[in-house]
Amino acid sequence: MITERFTHREIEKAAALLREGQIVGMPTETVYGLGGNALDPEAVKRIFAAKGRPADNPLIVHIADFKDWAPLVKEIPPLAKALAERFWPGPLTIILPKSHRIPKETSGGLDTVGVRMPAHPMAQDLIRAAGIPIAAPSANRSGSPSPTCARHVMQDLDGKIPGVLDGGFCLCGIESTVVALDDAKTVRVLRPGFVTPKQLSEVAETVIVDPAVLAELAPDQAAPSPGMKYKHYAPNAAVILVKGSSDAVLSYIASQYQEGDVALVFDRDLPAYAEQNIKAVSYGDSDEARGAQIFSQLRSLDQMGFQRILIQAPRTDGVGLAVYNRLIRAAGYDVRDTDE
Ligand code: TXA
Ligand code: MG
């Protein structure tokens, strides 16, 4: 199969493929998705096959208009409605009990479904042109860093999918915040993202960050979200995450540094690494910048052939929580705490 690259003028071609049950790479403001008709089990099976994704890991369903939400779920409780009104279109996925319209293939066998309304104008145009809800996991091979431009999608899926719609670079760069509702007043964060716990607490009385967001699940622990079980976001190089103050992280990395290593650090700390002759690149000077760059940096450092990537850990507040959550998984939980 030859993978076509569609421009914004060719949205209708991509939409026609989706209506035929084919799957297409699509831009969103978070990461690129691999879209297919969420209501068609055959289309959904194609998504799982192209990614090599475990069948029990459910897909997020994307809509472009509020009226398209109700048919997908049993009911929309007031708290869910309030969250959607505040954060949609945008990087928030809301999990609710699913309606019979959602096939078990889409929900990974669960009786719930996560729905989100992306903010990227080309995603909205594509969903409207297709006229169907679109199931879309991140458009990477299962386990590797999520794609934040059309080129990344080609790197992973060229020849496996008929097309990718090119919408430029993703603004957020990490996947949506995924939430479930524990009760009428309580939001549980299953995956952090650009919508932060603090922002959620402007709408919900109580916001719980699920413990699995910040630590590895114990082998006997049930995953509240299937995605928590799997190795994720990992390049070929070994990733080590180093926590602590800038000075402590620098001296730790200096003590571990060897041929074939590279350090991924905050912009403002870059000169100190250069001074110690440590190969280092920056991944930005704010949590938002680091979110936008992290996956693309991991991909390019990997392609440059580094054996180990030593990463300065962000703090775990604001959007930093989301970056940290992705990095502990990329590191396979190899986290060195210099304060311990
Ligand atoms: O930003 C995003 O959410 C991107 C773009 C393409 O929209 N999509 C994305 O999908 O990240 P994916 O499949 O790579 O990640 C979805 C995560 C998985 O960890 C999955 O386990 C969890 O959300 N999830 C989806 N539906 C769920 C459900 N019903 N219950 C619990 N977790 C769910
Ligand atoms: Mg993913």
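Counting starts at 1 for both ligands and their atoms, in listed order.
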(request) Please report which non-hydrogen protein atom sits nearest to atom 5 (C) of ligand 1, along with the residue it belongs to and the distance in Å to one decimal place. (result) Thr30 OG1, 3.5 Å
(message) Considering both backbone and side-chain atoms of Arg53, is one of its nitrogen or oxygen atoms within less than 3.5 Å of a nitrogen or oxygen in ligand 1?
(response) yes
(request) Identify the protein heavy atom lying closest to atom 15 (O) of ligand 1, giving its residue, its atom name and the separation to 0.1 Å. (result) Arg191 NH1, 3.0 Å
(message) I'd like to check which ligand 1 atoms, numbered from 1 as shown, lie under 4.0 Å from a non-hydrogen atom of Gly33.
(response) 6 (C)
(message) Check Lys185 with Asp183, please: is the shortest side-chain N to carboxylate O separation under 4.0 Å?
(response) no
(request) For a side chain to side chain donor-acceptor pair (under 3.5 Å) with Thr30, tell me which candidate from Glu175, His120, Arg116 qualifies. (result) Arg116
(request) For atom 27 (C) of ligand 1, find the nearest protein heavy atom and state the residue, atom name and distance (0.1 Å precision). (result) Pro58 CG, 3.3 Å
(message) Quick check on Ala136 - does any of its heavy atoms sit under 4.0 Å from an atom of ligand 1?
(response) yes
(request) Please name the residue in the list Arg151, Lys51, Arg299 that meets the salt bridge (Lys or Arg N to Asp or Glu O under 4.0 Å) test with Asp156. (result) Arg299
(message) Looking at Arg268 and Asp285, is any side-chain nitrogen of the basic one under 4.0 Å from a carboxylate oxygen of the acidic one?
(response) no
(request) Check whether any side-chain heavy atom of Ile60 sits under 4.5 Å from a side-chain heavy atom of Val115, and report yes or no. (result) no
(request) Tell me whether the guanidinium CZ or amine NZ of Arg290 lies under 6.0 angstrom from the six-membered ring centre of Phe266 and within 45° of its axis. (result) yes
(message) Applying a heavy-atom cut-off of 4.0 Å, say which part of Thr112 lies close to ligand 1: side chain, backbone, both or neither.
(response) both
(message) Just to check, does Met26 reach to within less than 4.0 Å of ligand 1 when the distance is taken from its heavy atoms?
(response) no
(message) Strictly under 2.8 Å of the Mg ion (ligand 2): which protein N/O/S atoms qualify?
(response) Ser138 OG
(request) Nearest 0.5 Å please: distance from the CG atom of Asp210 over to the CZ atom of Arg191. (result) 13.5 Å
(request) Measure the distance from atom 23 (O) of ligand 1 to every protein heavy atom, then report the residue, atom name and distance (to 0.1 Å) of the closest one. (result) Val178 CG2, 3.9 Å
(request) Could you list which atoms of ligand 1 come closer than 4.0 Å to a heavy atom of His62? (result) 5 (C), 6 (C), 7 (O)
(request) For side chain to side chain donor-acceptor pair (under 3.5 Å), just list the numbers for Gln312 and Asp269, CA-CA rounded to whole Å, side-chain angles, deciding distance to a tenth of an Å, and then say yes or no. (result) CA-CA 10 Å; Gln312 179 174 18; Asp269 290 343; 2.8 Å; yes
(request) May I ask you to say whether Asp261 pairs ionically with Lys279, meaning some side-chain N is under 4.0 Å from a carboxylate O? (result) no
(request) Taking only Lys NZ, Arg NE, NH1 and NH2, and the carboxylate oxygens of Asp or Glu, determine whether Asp334 and Arg336 approach each other closer than 4.0 Å. (result) yes
(request) Return the residue, atom name and 0.1 Å-rounded distance of the protein heavy atom closest to atom 30 (N) of ligand 1. (result) Ile95 CD1, 3.3 Å
(message) Under a plain distance cut-off of 3.5 Å, with no hydrogens placed, do Ser245 and Asp247 share a side-chain donor-acceptor pair?
(response) no
(message) The test is side chain to side chain contact (heavy atoms under 4.5 Å, CB included); show your working for Tyr324 and Leu214 and say whether it passes.
(response) CA-CA 8 Å; Tyr324 185 85; Leu214 280 170; 3.5 Å; yes
(request) For ligand 1, find out whether one of its N or O atoms is nearer than 3.5 Å to an N or O atom of Ser138. (result) yes
(message) Could you check whether Glu42 pairs with Arg46 (Lys NZ or Arg NE/NH1/NH2 to Asp/Glu carboxylate O, under 4.0 Å)?
(response) no
(request) Would you check the N or O atoms of Asn57, main chain and side chain alike, for any that come under 3.5 Å of an N or O of ligand 1? (result) yes
(message) Just so I know, are the side chains of Ile94 and Trp88 near enough to count as touching, which here means a heavy-atom distance under 4.5 Å?
(response) yes
(message) Tell me the nearest of Ser225, Pro226, Gly227 to atom 22 (C) of ligand 1, using heavy-atom distances.
(response) Ser225
(request) With heavy atoms of Ser176 as the reference, note each atom of ligand 1 found under 4.0 Å away. (result) 1 (O), 2 (C), 3 (O)
(request) Answer yes or no: does an N/O atom from Glu175 fall short of 3.5 Å to an N/O atom of ligand 1? (result) no
